[in-house]
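The figures that follow rest on heavy atoms only: side chains count, while hydrogens, waters and symmetry mates do not. Numbers restart at 1 for each chain; the letters A, B, ... are given by sequence-line order, proteins then strands.
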Amino acid sequence: MELRLDTANRDPSKMIIQGVSGVGGDTWDVFSGAGMRFFHSMGLLEPVTKQAKELNYGLDKTFPALVPELSIDGEQYMFPCNVTTNLYWVNKATFRKYGMEPPSGTWDIETFERMGKEFTKKSNPPGKRRSYFITNRVDAYVLGRSFGTSQFNETLTRSTLNARGYTKALELIYKWTYEDHILPTAADMDAFDSEAGEGGPELYLFDKGNYATFLKGRWVLIRLREQQEDRLLRNEPLMELDVVQSMYSEFPNAIIATRAAAVYAGSKHKDLAVYFQAFLASEDYNMQIVRDADALPPNPIYMDTEAYYKPLPLLPNLQLIFKYQPSETEKISAFRIQFYEALDQVDRDKPWSISDLPRPPKPQLASDAQYQKQLIAFDKQYNFTLPIYLNEWGLHEKFSKATTTISVPPENSPFVLSNVASRMTRKAYMAMMNHIITPQEAAQQAAKHVNAEIDRNLAEHPQLRERYEKLLADQQEIEALRKAGKKVPLHLIRNPFHQAYYRDQGWLKETP
Amino acid sequence: MTHRKRTLRELATGLGFLLPNILGFLTFTTIPLVFSMVLAFSNWDLKRHNMFKEESISFLGIDNFIRLFSEPDFWQYLGNTLFFMMNIPFAIGGSLLAAILLSKDLDGGSRRAGLWLFASAVMVASLLMLIVVGMGSTGMTILICGLASMFLVGGTLGRTSVYRTLFYLPHFTAGVATFILWKKLYNPYTGPINQALRPMFDKVTNVVVSTPTPMIQAGFWAAIAIAMGLLFLGLRKMANQWRDGDLGSTAMVVPTIFLLLPAAVSFYNGWLPTQTASFVIGISAVCLLVWHLFGMASSGQEFPCKKSNGFGSAAMLALAFMVLQFILIGLGLTAYHLPVNAAVDGGLQPPFWLTSVHWAKPAIMMMGLWGAIGSNNMLLYLAALTNVPGDLYEAADIDGASRFQKFWNVTWPQLAPTTFFIVVMSMIHGLQGGFEMARTMTQGGPAGATTTLSYFIYTEGFETGRLGYSSAVAWTLFAMVFTITMFNWKFGNRYVND
């Protein structure tokens, strides 16, 4: 069988054109449930519920919070390649440099604001352009959720961005940016962008201390590890990494998201494509994600391992050290598997040495003396990066904890495309950040435009109407129950955020 | 072989040679064109109509167009597109100027060569000094100085051919690469544009802070007065043309609207800082219009002409006056707000260009101007300049004409056919353009400030899947292009031939 990867084929418009023309790839790399709903709305995705059950990669093999991101109306379409929850990365050394105690675990809005003011005051030289900020950005949705507001109502029939919570979130972001100056403006970020290089500036700015914290998922460790190695090479102290949850008002939360694999409905090899999804649920794949820190593994059980909590260095570049011949490829592959299996079994709490693990095979052309020298170089290289990984111990469980406790998937209404709703919300947001409208007006405008788009979709797609009317009736029932001070049955609430929020507030009546 | 047979054979041979082109044209132009026209009247939505969906496409009549015209976003994006097109006169002027400069003989003897060499040496020395002292947190300043040095040194060595190549550089440089370069130039803090502007703004801040506010704000009233003066001049010019029979009654209507547009927009849009200013500008405009109409009615047309006569020249004149009025009102508003802006912490700040909703459009226009100066328009003008008969200049010299008079009365009229062609093509490109810049530099933002109709077509087609609606936008755009082009041919062509 021949497997071809089209790594340049990630642009959604390209995927759409290929998809509706019947020439899409067999397996698609889809970003989030929003992407899945977009492609599903065009009928481009193949449901895989039955095959997932047969091949053991059903929705029970991943995070329960991700179910709305992988399925529509009870039908599974995707399985995660990886899973992410954005948290604020902290370099504790940056705070200590200014005589401040770094944040730990969680921070409420008042703590964030106080620390932000203190940090920017201490770090920015007076009379000069501000170039040090408490963080790179604040997610308005997450902040709005912390006030109990979602993008949509409980039944996903109307936008509720004009509610108090989102307005309050916008007010705070505006204040933090233009009055307190603890967040960078678009111009500040643009300036940073020019000074940085490939791959976005946040990492470098975090490393340099311009951002005391920055919002990203666990996957960013792939790059942070490289930067830590650079620090070691320069004989500089390592960044003291930690993570904290997003600042909140009354409801701490985070967004869980996924990059997942879906099967193209027009594929001629659907029977084979599902095996790729099944591979994503395998131990081999999950442990690779755990070790590489490429976000979180699709199956949460693999987070409950020593390899996840206490990672150890990956293999250095063997080719550079041992100069293997092309004919030795298979030998090296076998060694890799053997090495990582052994590495995962290492008892981290007891003393151990790299020499206890399987040793790289002897290259064909190397003499015994040369091989011994190469092994010494290998051990040295491996041990050189060890402090980077030891430095991470203690932070990985914070990701797993946040993902399994406070994370809620994004709200996607079946009556409006998420990308269109996001574009409208962003336009209002940018108008606010350009001082054209107030935060209140931005919230009103965003809700108005999203609701207008819902109405337009209902007019253009009459088949949606029946479902919409049914949900509207449910919405009225929810509001009546809330007014009467009664608990709301779970089955009435379609919005995953409201399910979590109602549960947290004790307003939910759990129903099967 | 009979003659008929031979003709048929020749025809078949000719068609055979043409067939690849005809097939290509049919497949990639004609059929998609007809297809998209049909689409514009349908409800084709990728979410409902594709090979995986069974729903059939319905004919909507003109529903897509009705929706389009009732959608505020469409008007905003049309406004953006038209705003960008205000760059066209400047772009044409720039390319003409470049062509005139490049048509000059630069091989002007040893003294001039010495001056070039001296300038080049100064530039290179400055560049080296910048590098030695580690100037600037950005390498952009050094890059710009380096480029300037390269131009000077190259010009010294290669003369006209080097300059012609360098001026033409924007045309054959890949668009996306230049957009990224300009994005860096516009960087609010580290970009060389703002690094150059910042010291100037600091100086202006000091001057403004030490000057009484009413004195500065008087600049606003002066600008309004000059704008009204321009309106007066424009109306008077058109009234005179009407009296002399150069301009017909019907042909006056649209240019008059152009002339009154800045006053009307300022009055209704609430741009002006005080209600008094709105009233002054509104009442002044109405009074000037009524006065001229009254004057025309009482004196009558001395030399009657066709009602559609002279539209082209009147429209050009009115457009130029309109742009100038807008600029003056903008400058006036800047003067009015200057004291308040200078008083805030940090004083006056250079624009934030692409990240500012107010400056993103002008920033892109300036970049467009740079591209337009070194474009095919410049080459067309360069070619046209070589075709101006030398005896006309000789005659003008004998008449004692100055340089400007020679340009205005000889060169400019001789370039009219070229200018006409460039205007038509620029308007077509202007209406269709803006997609690459919006996609690469701003993603249509901030807050939709740089979204043009072409970008709107893309987002509607591929972000919402509404291909029918997207086609309706495309055909509306085509209708505008077609109307404007027809307008230009009907009135502009006559103006050229006159």
Side-chain angles (χ1 to χ4, degrees), chain A residues 11-17 19-22 37-46 127 129-131 181 185-195 264-266 416-417 419-420 422-424 426-437 442 445 449 452-453 456-457 459-461 463, chain B residues 43 45-55 58 60 63 67 71-73 76 137-140 183-191 194 198 345-346 349-360 442-449 451 458-469:
Chain A
D11 181 50
S13 50
K14 211 169 147 188
M15 289 165 79
I16 291 168
I17 293 166
V20 296
S21 311
R37 281 176 166 74
F38 188 32
F39 293 133
H40 172 265
S41 69
M42 297 175 185
L44 301 178
L45 303 184
E46 181 74 10
R129 175 171 77 84
R130 288 180 188 86
S131 56
H181 304 289
T185 62
D188 291 322
M189 285 196 272
D190 216 22
F192 283 143
D193 206 17
S194 183
E195 287 161 353
Y264 171 47
V416 60
L417 289 173
N419 58 341
V420 177
S422 298
R423 175 156 50 92
M424 292 167 166
R426 180 158 179 77
K427 192 176 172 190
Y429 180 85
M430 288 310 294
M432 174 194 81
M433 295 306 268
N434 271 276
H435 320 292
I436 295 171
I437 52 178
Q445 185 179 309
H449 286 181
E453 183 67 16
R456 182 176 175 183
N457 281 329
E460 290 176 352
H461 304 250
Q463 72 275 21
Chain B
N43 67 342
D45 185 332
L46 279 177
K47 297 191 289 295
R48 287 187 293 161
H49 313 112
N50 63 55
M51 61 182 285
F52 299 99
K53 298 273 182 170
E54 287 172 2
E55 209 175 321
S58 323
L60 288 182
D63 282 7
R67 165 170 284 284
E71 190 172 342
D73 278 352
Q76 184 194 354
S137 54
T138 166
M140 194 56 74
K183 207 174 164 184
K184 301 225 177 266
L185 292 178
Y186 281 132
N187 193 293
Y189 294 110
T190 54
N194 274 11
R198 189 156 285 112
D345 185 26
Q349 293 294 322
F352 285 166
W353 303 115
L354 297 172
T355 56
S356 157
V357 80
H358 303 294
W359 284 99
T442 57
Q443 286 80 50
T451 302
Y458 170 79
T459 54
E460 279 302 312
F462 295 108
E463 282 186 15
T464 69
R466 292 184 181 116
L467 290 186
Y469 185 67

Asker: Heavy atoms only: give me the nearest B:Leu46-A:Met42 pair and the separation to one decimal.
Answerer: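 The pair with the smallest heavy-atom distance is O-CG, 3.5 Å.
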
Asker: With a 4.5 angstrom heavy-atom cut-off, could you sort out which part of A:Ser21 is near chain B: side chain, backbone, both or neither?
Answerer: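 The backbone, not the side chain.
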
Asker: Answer with side chain, backbone, both or neither: which region of A:Phe39 has an atom nearer than 4.5 Å to a non-hydrogen atom of chain B?
Answerer: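 For A:Phe39, no heavy atom lies under 4.5 Å from chain B.
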
Asker: Considering only heavy atoms, which portion of B:Gln443 lies under 4.5 Å from any heavy atom of chain A: side chain, backbone, both, or neither?
Answerer: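 Neither the backbone nor the side chain of B:Gln443 comes within 4.5 Å of chain A.
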
Asker: So, using side-chain contact (heavy atoms from CB on, under 4.5 Å) as the criterion, who are the partners of A:His181 when residues are at least two apart?
Answerer: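 For A:His181, the residues satisfying side-chain contact (heavy atoms from CB on, under 4.5 Å) (neighbours in sequence not counted) are A:Arg130.
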
Asker: I need the residue from A:Gly266, A:Ala452, A:Ala187 with the largest number of non-hydrogen atom pairs under 4.5 Å to chain B.
Answerer: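 Heavy-atom pair counts peak at A:Ala187.
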
Asker: Taking all non-hydrogen atoms of both residues, which atom of B:Glu463 and which atom of A:Val420 are closest, and how far apart?
Answerer: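 Heavy atoms of B:Glu463 and A:Val420 come nearest at O-CG2, 3.8 Å.
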
Asker: Given that the side chain runs from C-beta out, which part of A:His435 has a heavy atom under 4.5 Å from chain B: side chain, backbone, both or neither?
Answerer: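 The answer is neither part of A:His435.
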
Asker: Do you know which two heavy atoms are closest between B:Pro446 and A:Met430, and how far apart they sit?
Answerer: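 Of all heavy-atom pairs spanning B:Pro446 and A:Met430, the closest is CB-CE, 3.9 Å.
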
Asker: Is it true that a side-chain atom of A:Arg426 and a backbone atom of B:Gly445 form a donor plus acceptor pair closer than 3.5 Å?
Answerer: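 Here the side-chain-to-backbone pair does not exist.
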
Asker: If you round to the nearest 0.5 Å, how far is CG of B:Asp73 from NE2 of A:His449?
Answerer: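 Answer for the NE2-CG pair, A:His449 versus B:Asp73, is 6.5 Å.
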
Asker: Go through B:Ala447, B:Gly448, B:Ala449 and name the one with the most non-hydrogen pairs under 4.5 angstrom from chain A.
Answerer: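 Maximum pair count with chain A is reached by B:Ala447.
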
Asker: Between B:Glu54 and chain A, which part of the residue has a heavy atom less than 4.5 Å away: side chain, backbone, both or neither?
Answerer: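 Neither part.
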
Asker: Could you go through residues 351-359 of chain B and list every donor-acceptor pair under 3.5 Å that involves a side-chain atom there, pairing it with any protein atom two or more places apart or in another chain?
Answerer:
unit_1: B:Trp353; atom_1: NE1; unit_2: B:Asn194; atom_2: OD1; d: 2.7
unit_1: B:Thr355; atom_1: OG1; unit_2: B:Phe352; atom_2: O; d: 2.9
unit_1: B:Ser356; atom_1: OG; unit_2: B:His358; atom_2: N; d: 3.2
unit_1: B:Ser356; atom_1: OG; unit_2: B:Trp359; atom_2: N; d: 3.3

Asker: Indicate the atoms forming the closest heavy-atom contact of B:Arg48 with A:Glu460, along with that distance.
Answerer: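 Taking B:Arg48 first and A:Glu460 second, the nearest heavy atoms are NH1-O, 2.8 Å.
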
Asker: Does the side chain of B:Thr464 come within less than 4.5 Å of A:Arg456's, by heavy atoms?
Answerer: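 Not in contact.
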
Asker: Taking the six-membered ring for Trp and the full ring for Phe, Tyr or His, determine whether the centres of A:Tyr264 and B:Phe52 are under 6.0 Å apart.
Answerer: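 For A:Tyr264 and B:Phe52, the ring centres are under 6.0 Å apart.
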
Asker: Heavy-atom pairs under 4.5 Å with chain A are the metric here; pick the option from B:Lys47, B:His49, B:Arg466 that has the most.
Answerer: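 Most heavy-atom pairs within the cutoff with chain A belong to B:Arg466.
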
